[in-house]
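See structure below.
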Amino acid sequence: MATNDNKFQAIIAHAKEYGFVFQSSEIYDGLSAVYDYGPWGSELKKNIRDYWWKSMTQLHENIVGVDAAIFMHPTTWKASGHVDNFSDPMIDNKDSKKRYRVDHLIEAHADTLPKEEGEALLDAMTQLEAAGDFAGLKKLIDDNKIKCIVSGTSNWTDIRQFNLMFKTEFGAVASTSEEDNIVYLRPETAQGIFVNFLNVQKTARMKIPFGIAQTGKAFRNEIVARQFIFRMREFEQMEMQFFVRPGTEGEWYQYWKEDRLKWHLSLGIPQDKFRYHDHVKLAHYAKEACDIEFEFPIGFKEVEGIHSRSDYDLSQHQLYSKKKLQYYDNDIDPATGKPFGNYVPYVIETSIGLDRMFLLILSNAYEEETLTKEDGSTDSRTVLRIPPKIAPVKLAVLPLVKKDGLPEIARNIMNDCRDEFYCFYEEKDAIGKRYRRMDAIGTPFCITVDHQTKEDGTVTIRYRDTMKQERLPADKVKELVKDRIR
RNA sequence: GCGGAAGUAGCUCAGUUGGCAGAGCAUCAGUUUCCCAAACUGAAGGCCGCGGGUUCGAGCCCCGUUUUCCGCUCCA
């Protein structure tokens, strides 16, 4: 475990040193649990996103995309349950360090009292809650001598609001009734899909079963921040909501559970680094749920969730918006011989954290390799074995020396290739050093232009993973790289 | 949120009893160099985390604060 911790620290240091991930606002001592992506990090992140997007939309005829706004009508979050379920006052016991929801704490105490006293206590709590009177609630806890079940003491902190969602004000001019103006930064992207369900279904003429994909930022006001980009206040999700006929959700859940793991394996990540974690405790709307977990240096952790969400979300929006969110199914039900007719579709969700996927790729790619040289001495190199198709830089073009016309030839090759994939040109320092620098950012291919190039038009191609070299005609380079990054 | 440890150049670190701010690597400019972190010359790079105190004098001692790391807690 100690070595794995070291590996995690090494990956974080490497990510910073080579321009993948920086702490946000670092010159102001940072902002907790917020990170920025640097030159190679933003390229890698974009490539992961593009690969996911393409495999979802372009390669599935029955999945289309949307790009919904981060701001949504506040009622969205009442319908989804985020406002009521995740904005409760919290209190900590100073002795046991145990944190409670205030209402749970008081309700538990009320259960131990005679019926009338208990109800009186709950009435008092409800009134104070409605008034937002935290001091009053604290006094209620003190007056009733409510104790922590762990420590058995009444040594409580002040009551604080637990805010899952970031709040901000909508409109340039402050309103007199501030509640009217509150909007939230979305805590998940899924709701942008649900509220657009009919828009997408009608305009793209989709027939069930079909899916809607979306990538985008989401925001959660969590309490503490650790574990680098694994858990962030601002993060990016890649979600797909798949709408199915009620009764078929079980088979589609199974389908997506398997299909999503195949996607991960298609990037060449070893299967034994993954496992499913089936949820035993389900959310009230869920029928089935599982996580795909990856073995990070900090242990097996969730990367992606597959959830069978029933018709909960669409039904909730139907209820709150008073708009029908139903689908007319023309297919014939073999049981009745008539069309299936109108219904609220069931939903299978696949939801993957882009930042976690980024960390997965980095964790799997990072290696400190010990090499034995020809003379028997040992050397080390740090290499990122990023799958070529998502590597930030695909090809480095290197003149062996920066004279004798070699840079000009290299520039021509570079210009020929840069339209097709990301290329990097460098003529500084010895060739070995340049190879190692490319290893450190995960560039899968380097070609070197030397004096022989001037005679027969061939260059050396050097492979990142094996460090092997071979010669090939310069005009074959583009096709070779294109083939390897498919 | 609680407890512990640490913040000196981009990175890794040294800094004597409290007395001129240092090294290696990396960076940049050159010279040299025909295939795996080569050599040489030169340059640049610092509010010693921040604020206060003690002192003739603080990177070093004292207090506070902040950030990071480790452990616990939390994580719909």
Side-chain angles (χ1 to χ4, degrees), chain A residues 1-2 5-6 8-10 12-14 16-19 22-33 77 80-88 90-101 150 155-158 160 162-165 187-188 220-228 230-233 279 281-286 289 298 301-302 305 307 369 371-374 377 379-383 398-404 406 427-440 446-454 459-464 466-471:
Chain A
M1 195 59 200
D5 280 347
N6 291 344
F8 196 56
Q9 295 312 318
I12 294 169
H14 189 87
K16 186 192 172 193
E17 187 170 359
Y18 289 93
F22 310 125
Q23 190 180 19
S24 164
S25 317
E26 195 185 13
I27 62 168
Y28 293 108
D29 293 330
L31 187 63
S32 192
W77 308 112
S80 70
H82 285 85
V83 171
D84 292 331
N85 292 342
F86 308 119
S87 60
D88 305 286
M90 313 290 285
I91 191 165
D92 293 356
N93 184 273
K94 289 179 185 170
D95 299 314
S96 65
K97 316 297 183 197
K98 188 84 185 146
R99 174 166 296 160
Y100 296 90
R101 269 173 62 169
V150 177
N155 188 12
W156 299 104
T157 63
D158 283 343
R160 285 164 308 190
F162 177 82
N163 291 318
L164 171 87
M165 291 191 286
E188 62 176 24
R220 293 181 195 182
N221 227 338
E222 308 252 345
I223 305 162
V224 286
R226 294 279 168 86
Q227 299 175 325
F228 195 43
F230 188 81
R231 174 165 277 122
M232 293 195 288
R233 288 206 165 93
H279 289 202
K281 201 178 74 180
L282 296 171
H284 57 287
Y285 53 80
I298 48 177
K301 299 275 183 185
E302 175 189 355
H307 296 225
E369 210 179 40
L371 308 167
T372 306
K373 292 203 259 193
E374 284 173 11
S377 65
D379 192 10
S380 70
R381 71 162 181 159
T382 301
V383 55
L398 315 169
L400 190 60
V401 292
K402 54 179 167 185
K403 61 178 186 184
D404 302 334
L406 301 187
E427 59 187 30
K428 199 180 146 45
D429 291 321
I431 191 69
K433 187 178 275 191
R434 283 179 274 168
Y435 286 153
R436 298 299 178 88
R437 272 204 286 262
M438 288 295 108
D439 290 338
C446 295
I447 59 164
T448 301
V449 173
D450 57 18
H451 286 88
Q452 192 181 331
T453 310
K454 292 204 289 187
V459 295
T460 305
I461 184 159
R462 180 264 194 189
Y463 299 101
R464 174 195 69 197
T466 59
M467 298 173 73
K468 294 251 165 58
Q469 309 187 92
E470 57 193 33
R471 291 200 80 89

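Please read all numbers here as calculations on a predicted model, not as lab measurements. Convention: sequence-line order gives letters A, B, ...; per-chain numbering from 1.
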For the pair made of CG in A:D429 and C1' in B:rA38, what is the distance, rounded to whole Å?
10 Å
For A:T448 and A:V459, which heavy atoms make the closest approach, and how far apart are they?
O-CB, 3.5 Å
Considering only the C1' atoms, how many Å lie between B:rG10 and B:rA5, rounded to the nearest integer?
25 Å
Given the P atoms of B:rG51 and B:rU66, what is the spacing between them in whole Å?
15 Å
Kindly give the heavy-atom pair with the smallest separation between A:H307 and A:A289, and that separation in Å.
ND1-CB, 3.9 Å
Could you tell me the separation between the CD1 atom of A:I461 and the C1' atom of B:rC35, rounded to a whole number of Å?
14 Å
OP1 or OP2 of B:rC36 under 4.0 Å from side-chain N/O of A:Q469:
no
Mind checking the P distance from B:rG30 to B:rG49? Whole angstroms is fine.
36 Å
Do A:L400 and A:Q452 have side-chain heavy atoms sitting under 4.5 Å apart?
no
Could you measure between the two C1' atoms, the one in B:rG53 and the one in B:rU16, and give it in whole Å?
25 Å
B:rU67 versus B:rC48 - spacing of their C1' atoms, nearest Å:
16 Å
Checking contacts here: which listed nucleotide (B:rC36, B:rA37, B:rU33) is nearest the side-chain heavy atoms of A:V401?
B:rU33
Between atom CE of A:M438 and atom CZ of A:R434, what is the distance when rounded to the nearest 0.5 Å?
10.0 Å
So what does A:Q23 hit on the nucleic acid, given a heavy-atom distance under 4.0 Å: a base, only sugar-phosphate, or nothing?
sugar-phosphate
May I ask you to decide whether A:D429 forms a salt bridge with A:R436, counting only side-chain N to carboxylate O separations under 4.0 Å?
no
Counting heavy atoms from C-beta on, name the nucleotide in B:rC35, B:rC75, B:rA37 closest to the side chain of A:R231.
B:rC75
Separation of B:rC35 P from A:D450 CG (nearest whole Å):
9 Å
Report the distance from atom OH of A:Y18 to atom CZ of A:R437, rounding to the nearest 0.5 Å.
8.5 Å
Return the value, rounded to whole Å, for the distance between atom CD of A:E369 and atom C1' of B:rA37.
14 Å
What's the CE-P distance between A:M467 and B:rC35, to the nearest Å?
15 Å
Under 4.0 Å between a side-chain N or O of A:K16 and OP1 or OP2 of B:rC11?
yes
Atom CD of A:E17 and atom C1' of B:rA26: how far apart are they, to the nearest Å?
8 Å
Out of curiosity, A:S80 OG to A:M165 CE, how far, rounded to the nearest 0.5 Å?
6.5 Å
Using salt bridge (charged side-chain N to carboxylate O under 4.0 Å, His left out) as the criterion, list what pairs up with A:R464, not counting sequence neighbours.
none
Starting at the 5' end of RNA chain B, which residue's closest nucleotide do you reach first, A:F228 or A:A440?
A:A440
Taking 4.0 Å as the cut-off, does a side-chain nitrogen or oxygen of A:Q9 come that near to OP1 or OP2 on B:rU68?
no
Atom pair distance, as rounded to whole Å: NZ in A:K428 and C1' in B:rU33:
13 Å
Which whole-number value in Å describes the distance from A:F22 CZ to B:rG10 C1'?
11 Å
If you compare all heavy atoms of A:K301 against all heavy atoms of A:F230, which two are closest, and at what distance to 0.1 Å?
CB-CZ, 3.3 Å
Below 4.0 Å: OP1/OP2 of B:rU33 and any side-chain N or O of A:K403:
yes
B:rG24 and B:rG18: how far apart are their C1' atoms, nearest whole angstrom?
28 Å
For the student: nearest non-hydrogen atoms of A:Y435 and A:Q469, plus distance
OH-OE1, 3.4 Å
Any side-chain N or O of A:K433 below 4.0 angstrom from OP1/OP2 of B:rC36?
no
Atom of A:F22, atom of A:K16 and distance for their closest heavy-atom approach:
CE2-O, 3.5 Å
Counting heavy atoms from C-beta on, name the nucleotide in B:rC35, B:rU33, B:rA38 closest to the side chain of A:A430.
B:rA38
Does a distance-only test, which skips hydrogens and angles, find a donor-acceptor pair under 3.5 Å between the side chain of A:R462 and the base of B:rC36?
yes
What's touching nucleotides 39-42 of chain B from the protein side, N or O pairs under 3.5 Å?
none

For RNA chain B, please output the secondary structure as dot-bracket, reading 5' to 3'. Pairs are Watson-Crick or G-U wobble, both atom distances under 3.5 Å; mark crossing pairs with [ ], other-strand partners with |, unpaired with a dot.
(((((((..((((.....[..)))).(((((.......))))).....(((((..]....))))))))))))....
Taking B:rU33 as the reference, what is the distance to B:rC70 when you measure between their P atoms (whole Å, please)?
49 Å
Only one of A:T453, A:I461, A:L398 passes side-chain contact (heavy atoms from CB on, under 4.5 Å) with A:I447; say which it is.
A:I461
Measuring only the P atom in each nucleotide, how far is B:rC25 from B:rC74? A whole number of Å is fine.
49 Å
OP1 or OP2 of B:rC25 sitting under 4.0 Å from any side-chain N/O of A:R436?
no
